[in-house]
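Taking it in order: structure first as structure tokens, then the write-up.
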Amino acid sequence: MGRIIVFGGGGRAGRAAVREAQGRGHQVTVVVRDPARHPDLASTDAVRVTSGDVTDADRVRVLAVGHDAAIHAAADLTVPPDVFFPAATRALTTGLASAEVNRLLVVGLASVLPTAGGDLLMDTAGYPQEYRSFYLGHAAGAEMLCQAGPELDWLVLSPAGDFDHAGTGTGRYRRATADAASRISYADFAVALLDEIETPRHRQVHLGVEQG
């Protein structure tokens with residue numbers, strides 16, 4: 001049993017990660033900006049819910065002390081993505097280092113994942129462009145991880161295409177290059193996240209996963 005802190009535990013990917021971690025017997029700290037907005041999230045013996053801002057390095061440090069790994073599943077749509085995602089990466093790399101938490105799993109975006117042909121998915125023909133600023137914000141945050149140095153054992157994990165929002169868990173997934181048609185359920189994505197925390201196999205890279 002380990003201790004895992006989940007930033008952005010109120011979102012769909014974050015909630016799935018919390019459920020999977022709890023089901024595996026881990027102690028989980030769920031960090032949201034305002035716990036009052038998530039009345040269904042409640043602290044228990046295995047889960048602690050607390051407030052925090054993933055862009056605040058000092059708060060990240062205070063909350064992360066004593067944990068074995070961190071998951072970053074947070075987003076703030078009220079802040080420009082090219083501001084929020086780099087700020088979150090900056091705070092996490094600084095705060096986790098101070099807290100001596102070395103393993104970080106980041107919920108990424110398929111749009112900035114390479115396809116089998118080598119192009120980023122967002123640059124392929126027909127891919128929606130109305131959210132391109134959001135894609136680029138994610139990319140900027142991920143790029144900052146590459147500059148964090150060897151001390152931080154990070155992995156960006158994303159759906160290879162998109163989440164199957166109505167999908168149920170099968171317990172199976174596989175690695176995949178970006179493909180707009182690819183899907184994975186939140187539950188199975190959480191299995192992939194927790195597998196990489198319990199038995200790290202990939203480091204300092206962005207990988208895609210899809211339904212197995």
Side-chain angles (χ1 to χ4, degrees), residues 2-24 26-96 99 101 104-111 130-131 133-138 140-142 144 156-159 162-169 184-194 197:
R3 296 189 66 197
I4 299 170
I5 185 167
V6 181
F7 294 92
R12 286 174 289 188
R15 286 171 182 265
V18 171
R19 285 192 296 269
E20 182 66 21
Q22 186 179 9
R24 297 187 186 203
H26 297 289
Q27 296 285 324
V28 186
T29 299
V30 182
V31 183
V32 293
R33 284 187 295 275
D34 182 4
R37 294 179 55 195
H38 304 280
D40 57 319
L41 291 175
S43 294
T44 65
D45 289 342
V47 177
R48 174 192 172 215
V49 181
T50 188
S51 62
D53 181 353
V54 73
T55 66
D56 182 338
D58 287 339
R59 186 62 174 157
V60 169
R61 173 185 56 79
V62 169
L63 294 175
V65 167
H67 290 79
D68 302 298
I71 294 173
H72 169 29
D76 186 348
L77 301 183
T78 68
V79 178
D82 62 336
V83 174
F84 174 78
F85 290 106
T89 298
R90 212 162 23 242
L92 284 165
T93 54
T94 301
L96 293 178
V101 177
L104 170 63
L105 273 289
V106 177
V107 178
L109 201 65
S111 310
E130 57 265 36
Y131 303 112
S133 63
F134 188 75
Y135 311 156
L136 293 174
H138 257 279
M144 288 186 66
V156 178
L157 197 67
S158 73
D162 197 0
F163 286 108
D164 179 355
H165 298 285
T168 57
I184 188 169
S185 68
Y186 285 100
D188 289 329
F189 184 77
V191 172
L193 284 174
L194 267 294
I197 286 176

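Reckoned from all heavy atoms, side chains included, excluding hydrogens, waters and symmetry mates.
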Contact check, side chains of [X] and [Y], non-hydrogen atoms, under 4.5 Å:
X: Leu105; Y: Ile197; value: yes
X: Arg19; Y: Val47; value: no
X: Asp82; Y: Leu136; value: no
X: Met144; Y: Leu92; value: no
X: Ile71; Y: Phe7; value: no

Locate the shortest heavy-atom distance separating [X] from [Y]; write the atom from each residue and the value.
X: Gly9; Y: Leu41; value: O-CD1, 4.1 Å
X: Gly137; Y: Pro86; value: O-CD, 4.1 Å
X: Ala21; Y: Val28; value: CB-CG2, 3.7 Å
X: Gly108; Y: Pro159; value: O-CD, 4.2 Å
X: Ala13; Y: Phe163; value: CB-CZ, 4.3 Å
X: Ser185; Y: Gly169; value: OG-CA, 3.9 Å

If you measure from [atom1] on [X] to [atom2] on [Y], what distance do you get to the nearest 0.5 Å?
X: Leu157; Y: Phe189; atom1: CG; atom2: CZ; value: 4.5 Å
X: Gln27; Y: Thr44; atom1: CD; atom2: OG1; value: 8.0 Å
X: Arg33; Y: Asp56; atom1: CZ; atom2: CG; value: 13.0 Å
X: Leu63; Y: Ser51; atom1: CG; atom2: OG; value: 7.5 Å
X: Leu109; Y: His138; atom1: CG; atom2: NE2; value: 4.5 Å

Is there a donor-acceptor contact under 3.5 Å from the side chain of His26 to the main chain of Gly2?
yes
Can you tell me if Thr93 uses its side chain to pair, donor with acceptor, with the backbone of Arg90 under 3.5 Å?
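The answer is yes, because a donor-acceptor pair under 3.5 Å joins these two groups.
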What residues, two or more places apart in sequence or in another chain, satisfy side-chain hydrogen bond (donor to acceptor under 3.5 Å, both in side chains) together with Arg15?
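For Arg15 the side-chain hydrogen bond (donor to acceptor under 3.5 Å, both in side chains) partners, ignoring immediate neighbours, are His38, Asp40.
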Sorted by chain and number, sequence neighbours left out, side-chain hydrogen bond (donor to acceptor under 3.5 Å, both in side chains) with Ser111 holds for Tyr127
